[in-house]
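Start at 1 and go down the list; that is how both ligands and their atoms are numbered.
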Amino acid sequence: MKAHEAAQLYFNRAADLMDLSDNMRRLLSIPKREVQVQIPVELDNGEIATFVGYRVQHDDARGPMKGGLRYHPAVDLDEIRALASLMTWKTAVVNIPYGGAKGGIAIDPRKHSVREMELITRKFVDQIHDLIGPDTDIPAPDMGTGAQEMAWFLNQYEKYHGYSPACVTGKPVELHGAEGREEATGRGVGILAFKLMSRLGRKPANTRVALQGFGNVGSYCAAFLAEADFKIVALSDLSGAYFRPDGIDVSAALRHARHNRGSLEGFSGTEKLTNAELLELDVELLIPAALGGVITAENAPRIKAPIIIEAANAPTTPDADALLHDRGAVILPDILANAGGVTVSYFEWAQNRQHYNWGLSRVRQELDKALSDGFERVWDMSNQRKVSLRTAAYFIGIGRVGRATVLGGIR
Ligand code: GLU
């Protein structure tokens with residue numbers, strides 16, 4: 001199933017139970033604007049290569065649109081469209097004053113030099129700078145991008161529009177970035193894991209965790225969970241999965257990756273598994289923090305974890321979600337679970353506009369509050385309406401966006 005069809009299924013499942021009118025459903029489903037651009041560049045070897053970039057602006061009823069830029073070979077319009085809609089519901093669930101958007105380039109950044117990636121990023125900005133801005137649409141990092149890409153993005157944008165630090169978030173702290181932004185998504189997953197476990201009456205020390213993905217989200221999440229006394233028994237990245245039933249020394253894994261260009265390849269003292277095997281381990285908590293669509297109807301029957309926290313965007317297909325739900329598994333959905341990133345993006349944007357630095361402890365404190373409030377609302381809604389946490393999150397997200405749309409009026 002394609003990514004957008006899956007996103008629509010989740011939306012429609014909630015919309016059905018909310019008795020949302022067909023007109024409102026259509027309005028909230030069709031993106032406001034979709035852009036596809038050509039990015040031709042001269043590679044280091046003198047050859048001309050042409051890439052395709054996208055920006056989908058899904059909805060702006062609650063504020064400027066917000067969402068990351070993904071650099072990955074699987075990027076296409078359908079995927080970006082799906083991810084843009086998730087951003088609309090995500091920003092609404094944690095109640096930050098944004099709509100949703102997403103962008104990306106179909107490219108494998110590992111196959112290109114730093115110079116090529118800089119050129120490609122700048123050319124992408126040349127194509128879309130008129131469509132984005134601090135009050136309209138604010139990009140940020142996503143898979144395959146980070147603070148460096150955001151710095152190039154800012155610099156190129158400012159060539160057209162002058163000083164505008166708030167046009168993009170996730171910037172380096174030396175260049176109008178916010179302390180605490182880089183760690184925010186992983187930290188947020190950790191904060192929510194802690195809350196969810198205590199609601200379910202489980203202690204971190206008795207919770208074995210399998211964590212898929214050791215990029216920005218996975219690595220900060222692992223560090224937070226280890227600090228909070230969770231027992232991480234498996235980690236993974238593109239090189240495969242690393243399993244140790246007694247628990248992995250997470251600081252050793254982080255050190256290993258730091259000295260090995262970010263990769264866990266060769267991490268010793270563990271049994272080597274595949275990424276697919278990691279998902280099926282006998283653990284209490286499974287955290288997919290990498291690609292979308294990894295939990296499917298095919299492998300769901302073999303997934304043993306009773307609790308799943310979706311650190312990645314769209315890791316569970318709707319049919320797998322239904323199978324797991326029927327079996328009694330608890331799934332904390334992406335639109336809440338990984339909302340820490342966009343929440344601290346909002347704090348970065350607010351600081352840029354205030355010309356005032358909040359400092360790390362205030363950022364962390366406010367992140368904790370925003371996610372705790374979001375969690376409590378979703379938890380209560382799920383209990384009141386007797387629906388899954390995902391459907392409860394969609395109720396809240398769709399409700400807020402729908403009300404803002406109606407209140408603003410359509411003229
Ligand atoms: N790419 C992240 C997400 O999927 C962060 C977006 C942002 O900070 O705007 O939520």
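Contact annotation for R181 and ligand 1: only side-chain heavy atoms (C-beta onward) come within less than 4.0 Å of the ligand. Contact annotation for N313 and ligand 1: only side-chain heavy atoms (C-beta onward) come within less than 4.0 Å of the ligand.
Ring geometry for H355 against Y163 counts as parallel: the plane angle stays under 30°, on a 0 to 90° scale with 60° as the upper cut.
Counting the atoms of ligand 1 from 1 in the order shown, those under 4.0 Å from a heavy atom of G68 are 1 (N), 6 (C). For ligand 1, the atoms closer than 4.0 angstrom to any heavy atom of K66 are 7 (C), 9 (O). Residue S345 approaches ligand 1 through these ligand atoms, each under 4.0 Å from one of its heavy atoms: 7 (C), 8 (O), 9 (O). Close approach of ligand 1 to K90 (heavy-atom distance below 4.0 Å) involves ligand atoms 3 (C), 4 (O), 10 (O). Counting atoms of ligand 1 from 1 in the listed order, those under 4.0 Å from a heavy atom of M87 are 3 (C), 4 (O), 6 (C), 10 (O). Counting atoms of ligand 1 from 1 in the listed order, those under 4.0 Å from a heavy atom of K102 are 1 (N), 3 (C), 4 (O).
Side-chain contact, Y10 with T391: no donor N or O sits under 3.5 Å from an acceptor N or O.
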Practice task
Take N155 and R122, measure what side chain to side chain donor-acceptor pair (under 3.5 Å) needs, and give me the verdict at the end.
Solution key: CA-CA 9 Å; N155 184 272; R122 288 183 185 277; 2.9 Å; yes
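Note that R13 lies outside the cation-pi zone of Y394, set by a 6.0 Å cut-off to the ring centre and a 45° limit from the axis.
Within the 4.0 Å heavy-atom cutoff, G170 does not count among the residues contacting ligand 1.
Using a 4.0 Å cut-off between charged side-chain N and carboxylate O, E183 and R364 make a salt bridge.
The minimum heavy-atom distance linking S164 with P134 is given by the pair CB-CG, 4.4 Å. What you find for P306 and R202 is that their closest heavy atoms are CG-NH2, 3.8 Å.
The ring of H112 has its center closer than 6.0 angstrom to the ring center of F51.
When hydrogens are left out, the protein atom nearest atom 1 (N) of ligand 1 is D142 OD1, 2.7 Å; that is the closest non-hydrogen contact. In this structure, the protein non-hydrogen atom closest to atom 7 (C) of ligand 1 is A140 CB, 3.2 Å.
Evaluated by nearest non-hydrogen atom to atom 2 (C) of ligand 1, the leading choice among G188, G341, P141 is P141.
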